[in-house]
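Note that the structure is predicted; figures quoted are calculated from it, not measured. Values below: all heavy atoms of this structure, side chains included; hydrogens, waters and symmetry mates excluded.
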Amino acid sequence: MEHQNSHQKPHAILFPYPLQGHVNPFVNLAIKLARNGFTITFINTQSIHQQISKAGRSNINDDIEGNDLFSGARKSGLDIQYVTIYDGFSIDFDRSLNHDEFFEAIMNNFGFHVDELVGKLVLSNPSINILIVDTFYVWSSTIANKYNLVNVSYWTEPALVLNLYYHMDLLRKNGHYDCIENKREDIIDYIPGVKAIKPTDLPSYLQSNDTNTVVNRIIKRAFKEVKNVDFIICNTVQELESETIAALLQYHSIYPIGPIFSPGFINTSVSTSLWSESDCTDWLDAKPHGSVLYVSFGSYAHTSKETIVEIAHGLMISKVNFIWVLRPDIVSSDETDYLPFGYEDSIKDRGLIVPWCCQTAVISHSAVGGFLTHCGWNSIMESIWCSVPFICFPLLTDQFTNRKLVVDDWKIGFNLCDKGSIRRDEVAEKVKFLMKGKEAEEMKQRIKKIRKELEDGLAINGSSQVNFTKFMDDLESKIPKKNVLAVKFENQQLNHIVK
């Protein structure tokens, strides 16, 4: 039996966190693994599946469960199965408006639904031998140990953020986090692999005075959990974060294998968008090379109506061409009227406002010359790949730390506002500086060099490809021992059923 299993094809369950910025890199990882001989079972929540399905078709009354996101990938020869799971709430429950209630349940109750589903999957398909789970889930070890699966944590943000969360105990010990009073505000220089970082550049949850929020509690539990996994894979490039990765390797097996894009960067057989996408191609085709600023604050974070109004006026004053992605719920699910009266008429053909679009298609267009961004990690990797520099406006979570990498370390972008409040005149000034300023040319040359590092990492002998090959080898070497136990488990379950 052991000899037979030693040659078994790796079969991984992939389990993204139920947010757009996590689903995308998981889908791309699924495709990458399947193209390298893996069988994949991909699990989305029913809610995320419904949103993607609804966004991707014109007739929203079609059968949701019959809409398999990976059917196109399978037609191209990839062995990817698709399953959905109940997250504990009805499809029409507003997860954005009821954020805390939803994520409290994801932390405390969702694991029971996962246990039930994974048990059924392993029983019906004993070839499953690997569990690849988003790092923010708190139950991976429980499930992996119960069903004898190799336990892999997939970190979809930069290694620097992973490192900061990994050392929350040091931040707490030194008075920079989770302090009742007298929280330190000086430079942090004691985290292994981090030369120095300002407290204002920590992820927002590590800056928070209230460390008992649901997300803070999820992070605390997740980063106790991650220390028990077999492997950590990270969507970054070794050369971009070499010191941080070297420090993390002292504690854990970590594999920087990014950037994990879909094959061909834009073209993919799997749709992952949670909103219907507007096609901006014709509008962009009519604009001069490098003349358009792309503006998007991502799929998740919210901001205030006042901020939207100031940015709107700033864009108008700048006289720069722009595409602005404005999600209907960017302020909140309850408030959808947030632009100044008559704004879209006032910008005419110089500005295009859409609720959502294919970001990679837009930023890879030759007309786009800059990106005003919330600094989500996917957005940063995609924009570097297209050599498009940044104006940074972080809103939440890792975005503040990502901004530090872009502005301070790599010098390929700058801040939208240097003080607390955002002002339209400063917005206009920064936009004109990025799109028309002479100094911005130096930034564009630097981003081309970093883009080359991404390219080199993905080359045949590049660091990301070498790390990916090593990850697959190390993973497969761990499968036989685990799989023998899986067969025992399967037999126990079958005996139980027979009885």
Shortest non-hydrogen contact from I80 toward A73: CD1-CB, 4.3 Å
Counting only N and O atoms by type, is there a donor-acceptor contact under 3.5 Å from the side chain of R446 to the main-chain atoms of K411? yes
The test is salt bridge (Lys or Arg N to Asp or Glu O under 4.0 Å); show your working for K183 and D178 and say whether it passes. CA-CA 8 Å; K183 189 164 81 168; D178 202 11; over 6 Å; no
Would you call the rings of F70 and F42 parallel, tilted or perpendicular, where under 30° means parallel and over 60° means perpendicular? tilted
Atom pair CG (N402) and NE2 (H374), whose distance is rounded to the nearest 0.5 Å: 9.0 Å
Keeping T84 on the side-chain end and N44 on the backbone end, is there a donor-acceptor pair under 3.5 Å? no
Considering all heavy atoms, the nearest Q359-Y294 contact: OE1-OH, 3.1 Å
Mark yes or no for whether Q20, through its side chain, and L274, through its backbone, hold a donor-acceptor pair below 3.5 Å. yes
Less than 4.5 Å apart, any side-chain heavy atom of Y343 and any of L315? yes
Side-chain contact, heavy-atom cut-off 4.5 Å: V161 with T397? no
Atom CD1 of I260 and atom OG1 of T236: how far apart are they, to the nearest 0.5 Å? 10.0 Å
From CA spacing to verdict: side chain to side chain contact (heavy atoms under 4.5 Å, CB included), L240, L405: CA-CA 9 Å; L240 289 185; L405 290 169; over 6 Å; no
Closest non-hydrogen atoms of V388 and S383, given as atom of the first, atom of the second and distance, are O-OG, 2.8 Å
Roughly how far apart are S296 OG and I363 CD1, rounded to 0.5 Å? 9.5 Å
I'd like to check H11 versus I130 (side-chain heavy atoms, cut-off strictly below 4.5 Å). Are they in contact? no
Looking only at heavy atoms, the pair that brings G376 and Q399 closest together is N-CG, 4.0 Å
Close side-chain approach of I188 and Y177, heavy atoms under 4.5 Å: no
Inter-residue atom distance I143.CD1 - L149.CG, 0.5 Å rounding: 9.0 Å
Keeping the roles fixed (side chain from E225, backbone from S140), state whether a donor-acceptor pair exists under 3.5 Å. yes
Flag the pair F15 / W139 as yes when their ring centroid distance falls below 6.0 Å, and as no otherwise. yes
Taking atom types as modelled and ignoring hydrogens, do the side chains of T213 and N216 form a donor-acceptor contact shorter than 3.5 angstrom? yes
A side-chain contact here means heavy atoms from C-beta on lying under 4.5 Å apart; do I191 and I197 qualify? no
More than 12 non-hydrogen atoms from neighbouring residues, nucleotides or ligands closer than 6.0 Å to NZ on K224, yes or no? no
Where the side chain of E241 meets the backbone of A159, is there a donor-acceptor pair that is under 3.5 Å apart? yes
Are the side chain of R95 and the backbone of F93 linked by a donor-acceptor contact shorter than 3.5 Å? yes
Taking atom NZ of K227 as the centre, report whether more than 12 heavy atoms of other residues, nucleotides or ligands fall under 6.0 Å from it. yes
How long is the straight-line distance from CD1 of I323 back to CG of L372, given to the nearest 0.5 Å? 13.5 Å
Side chain proximity check, K430 to E426, heavy atoms < 4.5 angstrom: yes
Is there side-chain contact between N98 and F89, with heavy atoms separated by less than 4.5 Å? no
For the residue pair Y166 and H252, confirm or rule out a side-chain donor-acceptor distance under 3.5 Å. no
Minimal heavy-atom distance between G258 and L458, with the atoms involved, is O-CD2, 3.8 Å
Fit a plane to each ring of F136 and W155, take the angle between them on a 0 to 90° scale, and name the class: parallel (under 30°), tilted (30 to 60°) or perpendicular (over 60°). tilted
Classify the ring geometry between Y251 and H167 as parallel (under 30°), tilted (30 to 60°) or perpendicular (over 60°). perpendicular
Under the side chain to side chain contact (heavy atoms under 4.5 Å, CB included) criterion, do V133 and V229 qualify, and how do the steps go? CA-CA 10 Å; V133 168; V229 304; over 6 Å; no
Would you check, one step at a time, whether the test side chain to side chain contact (heavy atoms under 4.5 Å, CB included) holds for V407 with F390? CA-CA 9 Å; V407 175; F390 304 92; over 6 Å; no
Residue pair D186 / H176, side-chain donor-acceptor N/O under 3.5 Å: yes
When Y255 is tested against each of V152, I232, L249, D474 for side chain to side chain contact (heavy atoms under 4.5 Å, CB included), which residue passes? D474
E453/K449 under salt bridge (Lys or Arg N to Asp or Glu O under 4.0 Å): CA gap, chis, key distance, verdict: CA-CA 7 Å; E453 291 187 352; K449 290 180 182 176; over 6 Å; no
May I ask you to decide if the ring planes of W275 and W356 are parallel, tilted or perpendicular, using 30° and 60° as cut-offs? tilted
Taking the six-membered ring for Trp, are W324 and F322 parallel (under 30°), tilted (30 to 60°) or perpendicular (over 60°)? perpendicular
Can any side-chain N or O of R403 pair as donor or acceptor with the backbone N or O of D201 at less than 3.5 Å? no
Would you call the rings of Y17 and F103 parallel, tilted or perpendicular, where under 30° means parallel and over 60° means perpendicular? parallel
Once you round to the nearest 0.5 Å, how far does OG1 of T401 lie from CH2 of W377? 10.5 Å
Is there a donor-acceptor contact under 3.5 Å from the side chain of Q51 to the main chain of I48? no
At their closest point, which heavy atom of P199 faces which heavy atom of Q207, and how far apart are they? O-CG, 3.2 Å
Any sub-3.5 Å donor-acceptor pair from N163's side-chain atoms to P192's backbone N or O? yes
Apply side chain to side chain contact (heavy atoms under 4.5 Å, CB included) to Y165 and T135, showing your working. CA-CA 11 Å; Y165 283 142; T135 307; over 6 Å; no
For the residue pair W385 and F261, does the interplanar ring angle fall in the parallel (under 30°), tilted (30 to 60°) or perpendicular (over 60°) class? perpendicular
So Y300 and H22, ring-ring contact (aromatic ring centres under 6.0 Å, His included) or not? Walk me through it. CA-CA 11 Å; Y300 175 56; H22 295 252; 8.4 Å; no
Does a donor on one side chain and an acceptor on the other come within less than 3.5 Å for R221 and N108? yes
Flag the pair V237 / P259 as yes when at least one side-chain heavy-atom distance between them is below 4.5 Å, and no otherwise. yes
Please confirm whether the backbone N or O of C392 pairs with a side-chain atom of N415, one donor and one acceptor, at under 3.5 Å? no
